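Notes follow the structure.
Fair warning: this is a prediction, and the values are worked out from it, not measured in the lab.
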2 protein chains.
Amino acid sequence: MGFMNLRRLQYFLAVVDHGTVTGAADKLHMAQPALSRQIKTLERELKLELFEPQGSRLALTAAGRALVPAARRLVVEALDFESAATLLRTGKVERLTVAATSASLRTFLAPFIATMTPADPQLVARETSHFEMTESLRQGCDFAVSPQAPDGDLRHVPLGRMPVRAYVSKDHEWARDGVRQLPLSAFAGVPAILTSHHSVSRFLLDDALSRHDVTFSSVTECDDGQSIMALAVAGHGVGFSTERPLYGAHPILVLDDDDSGARPLGLALHVAWLPGHYAEAVIEELALRIRDFLQAEGIALGA
Amino acid sequence: MGFMNLRRLQYFLAVVDHGTVTGAADKLHMAQPALSRQIKTLERELKLELFEPQGSRLALTAAGRALVPAARRLVVEALDFESAATLLRTGKVERLTVAATSASLRTFLAPFIATMTPADPQLVARETSHFEMTESLRQGCDFAVSPQAPDGDLRHVPLGRMPVRAYVSKDHEWARDGVRQLPLSAFAGVPAILTSHHSVSRFLLDDALSRHDVTFSSVTECDDGQSIMALAVAGHGVGFSTERPLYGAHPILVLDDDDSGARPLGLALHVAWLPGHYAEAVIEELALRIRDFLQAEGIALGA
DNA sequence: TGTGGTTACGGGAATCGTAATAATG
DNA sequence: CATTATTACGATTCCCGTAACCACA
């Protein structure tokens, strides 16, 4: 059992990420021939060609490409092991990486991080699409803030519901009448400004619309929450967003009324992580603090 | 980044598993002082005491014990990486480890393995309780044969339903009358011989009994399928088991009749594995072969 | 001719085995 | 004194950096 050498695997990944041996060597603070030799050695060990010459540089072979995900998992697992050791030694977690959508980041995660102290672990945020949450967890993020109920066997803590609000300009009749909430049916026939399907909130809205047989007169797609707000304020239609009001936009809760009564349309936010994570206890405690923060700031409705 | 050394981690696990440095060194085919030194080096690297002297030998410290699972995961991941490389190189999987209950092993897995050829991967079976299936997958088993619908985000292939049969001796009136199947209600008041709650089939039976408000006159618990059969043949009651008839026991299908008609009470067998397994395709193909084997041999009912 | 990958050589660190030493029951 | 862990020393192997060399645009 000539055991796999993790350092070599990291070298491999560095070359993959950088595209050239020279660049990777530079980043790894080592001489380029040394790195070149290590790659060769790895190829000899695995008895596989990982790279092939392409012009004067190297390109991954099919086999090389196939091994990248497994190699990454392995390296992440190793880093986790070291972090677990540090946790045992110092009794505290130094650094946690959280995956979140840009909307979650801007809306509440960054403000929450601002409330943390040096005694807390350092929270590093990584922007991810909703649909890569589980993947990001397997690729090194310690936990994720997800706007969907987590699938799979993830451990999770519900944070509450983040309401989807409709925004109109303050000259709009709804604003003048001081309307605070409306059933979905009230929005039939209005021009809407929405996110694209890169956002979970769009799926949520589409689902509710089809259930109530409601259609907009027109749909403008825009993925930036601030721009949605700006367009609404400029009178181009009704903007739908989970973000907080800006530019004096007038917020209206969207009610999803079904048999069991009306309740605000909203995303079910969760903190999720892989079971068995070395800092499970710390993550769970942090999740509860985020939940309390969301309640206290009135950002999310109770769970 | 003084990167974790996998060899050292394996040494650590060997000492953990063996209890003594001497024994582990022996198994690792290396001199004992070398191993002792490696353990010390690991402790220095992690800045953690992993073992403490207990008499003349070593015992794990709390920190050491805490690191064992993470270390094991890491080593398993590394072995997987090597297997993935071998698969890419040779185009075939050399060895797969399957987790299964002893009942599954005896009833159909061992017979199935007997039908395989040297061209197939070598299938090594590991006996596991139903309730540790997911855990065993994370600890190195490549796939599991589970009598429950797999939870979590496991990939899976249904194998069919393994009927739970009632067995009576051939002198029993049901046997003399040639009864082949009976509704659950017919078993009210009979003395029953069942497995303990270590078996999923027991939960299944208990659930069906409570739904139909049926109770046995007495319950004898016995975890060995052959003994259940033997007791039934000896006239001690009605044995319930997923195993095939033995000792001339007379089998009767147990029907679970609900609104949608009667269907045989049975376990939903599945093959399950972790998504992203390096030999996913091979496992899936193997699962289909097991499914066909079960159908062809009449061991399971269609899915 | 510049950019990038490979081969050749010498020094230093890591790791092993043998042998000697210390501690426990 | 038998079992088990640790320390001491010499030999081997691994790995890095420098320097020279090769291949493609």
Check B:R202 with B:D223, please: is the shortest side-chain N to carboxylate O separation under 4.0 Å? no
In whole angstrom, give the distance that lies between atom CZ of A:R57 and atom P of C:dG5. 7 Å
Whole Å only: how far is the CG atom of B:L50 from the C1' atom of D:dA5? 15 Å
Go through the side-chain N and O atoms of B:Q38 and B:R8 and say whether any donor and acceptor fall under 3.5 Å apart. yes
Can you tell whether the side chains of A:D80 and B:R73 come within less than 4.0 Å, N to carboxylate O? no
Would you indicate what A:D26 reaches in the nucleic acid, counting non-hydrogen atoms under 4.0 angstrom: base, sugar-phosphate, or nothing? nothing
I'd like to know if A:E43 and A:K40 make a salt bridge, using a cut-off of under 4.0 Å between side-chain N and carboxylate O. yes
Nucleotides 17-24 of chain D: protein proximity per nucleotide (B base, S sugar-phosphate only, - neither; heavy atom, under 4.0 Å): BBB----S
If only side-chain N and O atoms of A:S36 are considered, is one of them under 4.0 Å from the OP1 or OP2 phosphate oxygen of C:dT6? yes
In plain terms, say whether A:K27 and A:D17 are close enough for a salt bridge, that is, a side-chain N and a carboxylate O under 4.0 Å apart. no
Do A:H130 side-chain atoms and A:V200 backbone N/O form a donor-acceptor pair below 3.5 Å? yes
Nearest-Å distance, CZ (B:R44) to P (D:dT6)? 12 Å
B:Q38 CD - D:dT7 P separation (whole Å): 14 Å
Any base atoms under 4.0 Å from B:Y11, or only sugar-phosphate, or nothing? Heavy atoms, all strands. sugar-phosphate
Rounded interatomic separation in angstrom, taking NZ from B:K40 and P from C:dT15: 16 Å
